[in-house]
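Everything below concerns the one structure shown next.
Index from 1, following the sequence.
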Amino acid sequence: MPEADEVDDEEEMPLSLRLSIADTLTLGNATCGFMAVYFTTTGILIPHLTGSQESGMARHSAATAVILMLCAAVFDLFDGLVARKLRSSPMGAELDNLSDLISFGLAPAYFVLVYGMVADDAHQRVAALGAIVVLLAVVLRLARFSCVTVKDGTFQGMPSPFGALTVVSIVLLELPFAATLMAILGTAWLMVSRVEYPKPRGRLAVAMLSWIVLSMGLLAAWAFDAPSGQLLLQTGCALQLVMGAVIPLFATARRVNNFRDNRREARAAQLP
């Protein structure tokens, strides 16, 4: 009997290889990112290379690719919440970084690359350089996130899901190429900057989830050529850019107010 127990212990799966519920959600994140690349290739790039004139197919595939990135953001939001409520496996953090790299690094960078190949006023090599900058910004951001400890409740730099959706929104706005490229590079800089962004918890998490659902609706309306679908999509993309610029201003204002309050308390403590 003791020998049988020892054999069972040896055959038992190591703790580091057991997937938790949070890990399963993280793998869903990676799957959505990969499928976004698939739809970008089959529905946008290949029809362009083969000379297909079916613009509706490209619109549907572009909308599907972006919706999949939004689904990846939902998975990324919930895997953190589930990990805090239940548990995460020892490899949960590594899985999260690898999945984020696919969904919020590779997928949007590839979207920018394909945009540079299919857009009429775009320059392919310059767009490829912009795509590389986006990918490297996400790589550096994820690596720094694993090594640097910041105060609770904030991110240092724009979170990669928010950055990926901002990059895609810039492309969908169909601005002139120079303006599109500058906005993409600015978003990449925000991801590796020290600008503080609040973590999506509580009401902010609910607001973020509501915004993602609304964005999916706008993309669906645009894909199926609903009345004013193009205008609604551009409005949503513009709001995404505005939020990317405004949210860190609130964090900066809060930090300035905290600094002033600390100085006042220090001066009050020095008074006799």
So, taking the atom named [atom1] in [X] and the one named [atom2] in [Y], what distance separates them when rounded to the nearest 0.5 Å?
X      : Y      : atom1 : atom2 : value
Asp76  : Phe78  : CG    : CZ    : 11.5 Å
Phe34  : Leu106 : CZ    : CG    : 9.5 Å
Ile67  : Cys32  : CD1   : SG    : 11.0 Å
Phe224 : Arg59  : CZ    : CZ    : 11.5 Å
Arg194 : Gln156 : CZ    : CD    : 5.0 Å

Return the minimal non-hydrogen interatomic distance between [X] and [Y], and the atom names on each side.
X      : Y      : result
Val112 : Ala131 : CG1-N, 4.0 Å
Ala36  : Ala107 : CB-CB, 4.3 Å
Arg141 : Met191 : CD-O, 3.5 Å
Ala127 : Gly116 : CB-CA, 3.4 Å
Gly244 : Leu190 : O-CD1, 4.2 Å

Mind checking whether [X] and [Y] sit in one hydrophobic cluster, side chains of I, L, V, M, F, W, Y counted as touching below 4.5 Å?
X      : Y      : result
Phe75  : Val213 : no
Ile102 : Val37  : no
Ile44  : Leu113 : yes
Leu45  : Met35  : no
Val66  : Leu68  : no

Only distances under 3.5 Å count here; give the side-chain donor-acceptor pairs of residues 164-181 to other protein atoms, sequence neighbours excluded, each with its distance to 0.1 Å.
residue, atom, partner, partner atom, Å
Thr166, OG1, Phe162, O, 2.7
Thr166, OG1, Gln240, NE2, 3.2
Ser169, OG, Leu165, O, 2.7
Thr180, OG1, Leu175, O, 3.3
Thr180, OG1, Pro176, O, 3.1

Does the side-chain contact (heavy atoms from CB on, under 4.5 Å) test come out yes or no for Ile247 and Met158, once each step is laid out?
CA-CA 10 Å; Ile247 288 176; Met158 179 183 287; over 6 Å; no
Flag the pair [X] / [Y] as yes when at least one side-chain heavy-atom distance between them is below 4.5 Å, and no otherwise.
X      : Y      : result
Pro198 : Leu204 : yes
Val114 : His48  : no
Phe104 : Leu142 : no

Using a 3.5 Å cut-off and no angle test, enumerate the donor-acceptor pairs between side-chain atoms of residues 90-101 and protein atoms at least two apart in sequence or in another chain.
residue, atom, partner, partner atom, Å
Asn97, ND2, Ser146, OG, 2.6
Ser99, OG, Thr26, O, 3.1
Ser99, OG, Leu95, O, 2.9
Asp100, OD1, Asn29, ND2, 2.9

Compile the donor-acceptor pairs under 3.5 Å between side chains in residues 215-223 and protein atoms, sequence neighbours left out, one pair per line.
residue, atom, partner, partner atom, Å
Ser215, OG, Trp211, O, 2.8
Trp222, NE1, Gln230, OE1, 2.7

